[in-house]
Amino acid sequence: MSAAPAIPPTLSRDGMAAALLNDEERTRIRAKSAQFAPPTAALPDGRRDLVGLSREELTDIMVEIGEKPFRTKQLWHWIYHQGVTDFSRMSSIARPLQEKLAERFIVGRPGVVTEQTSQDSTRKFLFRFRDGQEAETVYIPDRQEDRGAVCISSQVGCTLSCTFCHTGTQALVRNLGAAEIVGQFMAARDSYGEWPSPKGETPRLLSTIVLMGMGEPLYNYDNVAKAMRIIMDGEGIGLSRRRITLSTSGVVPMMDQCGAELGINLAVSLHAVRDDLRDEIVPLNRKYPIREVIAACRRYPAASNARRITFEYIMLRDINDSEADARELVRLISGIPAKVNLIPFNPWPGSSYRPSTREQLERFAKIVMDAGFASPIRMPRGRDILAACGQLRTESQRLRRAAREDAATDTVE
Ligand code: SAH
Ligand code: SF4
């Protein structure tokens with residue numbers, strides 16, 4: 001994985017100092033992330049999954065087995081454009097090579113444990129990966145048109161514990177690998193039979209990706225970035241970076257990197273406009289306070305009038321939903337090409353918050369709108385199957401050794 005510096009060439013002295021500090025932070029975040037690495041892509045029988053490899057890795061593997069590099073292009077087409085998982089269906093490849101590939105490799109998918117469809121057509125998948133760990137993915141169809149968003153998980157569990165979020169009650173088990181991240185999208189496409197990948201502007205049913213499922217994607221940046229590059233590759237799935245949105249709770253140093261390297265859309269889970277409150281409900285705020293998060297948004301290169309930053313704001317009754325909060329929000333984000341997504345709180349078993357009243361939601365939305373920001377209220381989808389924002393959680397647990405270490409740390413602290 002390239003570690004290209006995310007420092008823009010035209011920085012002031014202060015900006016340069018901040019960027020260097022951020023570089024150190026990035027190294028630290030990546031080292032931590034590596035402790036939660038996914039297992040290797042090899043099956044017990046020694047075969048290897050070709051999904052999730054970069055083009056360069058795929059080429060290296062072909063050369064290793066004595067094949068020409070151009071095989072990469074062929075395989076890429078079958079795997080990501082045609083969605084074929086069976087080598088014997090790859091008709092442009094001669095039979096002996098098909099057999100040779102099948103002996104050594106697979107084109108994998110996560111296993112589908114359950115697939116539930118809500119009354120409002122939202123579909124939730126529980127996927128199981130090769131080591132038995134599980135994560136959820138949700139497809140949210142548009143109500144009017146034949147398109148929709150796939151909400152993808154980036155981790156099993158989450159290290160952060162935002163107080164309103166169900167995933168936050170589950171300890172981080174591990175990061176998902178690139179194959180598992182791409183695999184969620186491909187398996188959802190299997191479920192709707194959307195292969196081959198529609199080309200160019202041809203309408204797609206699974207038309208956008210939101211990295212808003214379980215986990216903090218910027219704490220698993222390398223795997224997420226690799227997966228998004230595969231998904232954006234024009235000879236395969238070919239989804240434009242304009243149709244991909246990554247949601248973060250505000251991992252400032254990685255926001256810069258994401259903007260510089262991937263250029264996908266950014267959504268920021270703001271949820272509070274004062275540090276004392278945000279410290280409590282989004283504990284990462286103690287590390288990266290509101291001022292720094294907003295500054296990172298101002299620097300975000302993909303932000304423009306056509307591609308605005310989304311601020312997500314969960315509406316918790318009597319906690320963060322006052323009119324003064326709305327006015328402060330507007331002040332904070334003034335000058336940023338932005339929209340504000342107001343998310344009614346979705347309850348989950350054991351949660352103690354209450355959603356804001358309809359009137360309060362509308363009063364809040366009006367203040368934001370009058371200041372010139374679009375402020376759609378995100379209507380909950382798939383609540384009946386616990387598929388709405390913040391309701392995802394699995395029973396996956398850390399391996400016993402890790403769990404014991406955890407328990408030991410808990411008693412020390
Ligand atoms: N970790 C990332 C991405 C996953 S969460 C992040 O926090 O941004 C995706 C969105 O769902 C976030 O905006 C999150 O704050 C919101 N969310 C979490 N719990 C929720 C709940 N109970 N009701 C409504 N939205 C919730
Ligand atoms: Fe993690 Fe996002 Fe949930 Fe916070 S809201 S606990 S960062 S998944």
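We count ligands from 1, going down the list as the structure has it; atoms in each ligand are counted the same way. Below, each value reflects all heavy atoms present in this structure, side chains not excepted, and no hydrogens, waters or symmetry copies.
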I need the contact type for [X] against ligand 1. Using non-hydrogen atoms and a strict under-4.0 Å cut-off, is it side chain, backbone, both or neither?
{"X": "E216", "answer": "both"}
{"X": "V268", "answer": "neither"}
{"X": "N346", "answer": "both"}
{"X": "P344", "answer": "backbone"}
{"X": "M214", "answer": "neither"}

Review point. Heavy atoms, side chains only, cut-off 4.5 Å: are R30 and Q257 in contact?
Key: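 In contact.
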
Point to revise | Student check: side-chain heavy atoms of R243 and R147 closer than 4.5 Å | key: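 The answer is no, as the side chains (C-beta and beyond) never meet within the 4.5 Å cut-off.
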
Check your understanding: Between the main-chain N or O of A267 and the side-chain N or O of T310, is there a donor-acceptor pair closer than 3.5 Å?
Key ->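 No: the side chain of T310 does not pair with the backbone of A267.
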
**Study point:** Backbone N/O of R383 and side chain of S118: donor-acceptor pair under 3.5 Å
**Key:**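 No; judged by distance alone, with no hydrogens or angles, the pair does not exist.
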
Quick test: of every protein heavy atom, which one is nearest to [atom], and how far off is it to 0.1 Å?
{"atom": "atom 12 (C) of ligand 1", "result": "S269 OG, 3.2 Å"}
{"atom": "atom 18 (C) of ligand 1", "result": "G390 CA, 3.4 Å"}
{"atom": "atom 4 (C) of ligand 1", "result": "G213 O, 3.2 Å"}
{"atom": "atom 6 (S) of ligand 2", "result": "L160 O, 3.3 Å"}
{"atom": "atom 21 (C) of ligand 1", "result": "C389 O, 3.3 Å"}
{"atom": "atom 4 (Fe) of ligand 2", "result": "C162 SG, 2.3 Å"}
{"atom": "atom 2 (C) of ligand 1", "result": "S247 O, 3.4 Å"}
{"atom": "atom 2 (Fe) of ligand 2", "result": "G215 O, 4.5 Å"}
{"atom": "atom 10 (C) of ligand 1", "result": "E312 OE2, 3.8 Å"}

Practice item. May I ask whether A267 places a heavy atom under 4.0 Å from ligand 1? Key: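 For ligand 1, residue contact (heavy atoms, under 4.0 Å) with A267 is absent.
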
Review point. Going by heavy atoms, is W348 under 4.0 Å from ligand 1?
Key: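 For ligand 1, residue contact (heavy atoms, under 4.0 Å) with W348 is present.
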
Review point. Short check: any N/O/S atom of C165 below 2.8 Å from atom 1 (Fe) of ligand 2?
Key: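 Within the cut-off used here (under 2.8 Å), C165 places no N, O or S atom near atom 1 (Fe) of ligand 2.
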
Check your understanding: Does R26 make a cation-pi contact with Y221 (under 6.0 Å, within 45 degrees of the axis)?
Key ->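 Geometry flag: not set, cation outside 6.0 Å or 45°.
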
Exercise for review: Kindly confirm or rule out a cation-pi arrangement of R89 over W78, judged by NZ or CZ under 6.0 Å from the six-membered ring centre and within 45° of its axis?
Suggested key: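 No, a cation-pi geometry is absent between R89 and W78.
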
Please determine whether a side-chain nitrogen of the Lys or Arg among [X] and [Y] lies less than 4.0 Å from a carboxylate oxygen of the Asp or Glu.
{"X": "R274", "Y": "E328", "result": "no"}
{"X": "R358", "Y": "E362", "result": "yes"}
{"X": "K124", "Y": "E136", "result": "yes"}
{"X": "E57", "Y": "K226", "result": "yes"}

Point to revise | Polar atom proximity, F164 to ligand 1 (N or O, under 3.5 Å) | key: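 By distance alone, the answer is yes.
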
Check your understanding: Do any N/O atoms on G215 end up under 3.5 angstrom from N/O atoms on ligand 1?
Key ->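 Yes, G215 has an N/O under 3.5 Å of an N/O on ligand 1.
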
Practice item. Find all atoms of ligand 1 within a distance of less than 4.0 Å from any non-hydrogen atom belonging to I314, and give their numbers and elements. Key: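 Result: 20 (C), 21 (C), 23 (N), 24 (C), 25 (N), 26 (C).
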
Practice item. Can you sort out which atoms of ligand 1 are near T248, meaning under 4.0 Å from one of its heavy atoms? Key: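 So the atoms of ligand 1 that pass are 6 (C), 8 (O).
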
Under 3.5 Å, is there a donor on one side chain and an acceptor on the other for [X] and [Y]?
{"X": "E312", "Y": "H271", "result": "no"}
{"X": "S33", "Y": "N175", "result": "yes"}
{"X": "R393", "Y": "T169", "result": "yes"}

Review point. Considering only heavy atoms, which of R378, H271, H166, M212 lies nearest to atom 15 (O) of ligand 1?
Key: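 Closest candidate by heavy-atom distance is H271.
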
Point to revise | Y219 and F36: CA distance, side-chain angles, deciding distance, ring pair (Phe, Tyr, Trp, His ring centres under 6.0 Å) verdict | key: CA-CA 10 Å; Y219 273 164; F36 293 93; 9.8 Å; no

Review point. Does C158 bring an N, O or S atom to within less than 2.8 Å of atom 4 (Fe) of ligand 2?
Key: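 No, C158 does not qualify, because none of its backbone or side-chain N, O or S atoms lies under 2.8 Å.
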
Check your understanding: Is the shortest distance from a heavy atom of S269 to ligand 2 less than 4.0 Å?
Key ->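 Heavy atoms of S269 never come under 4.0 Å of ligand 2.
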
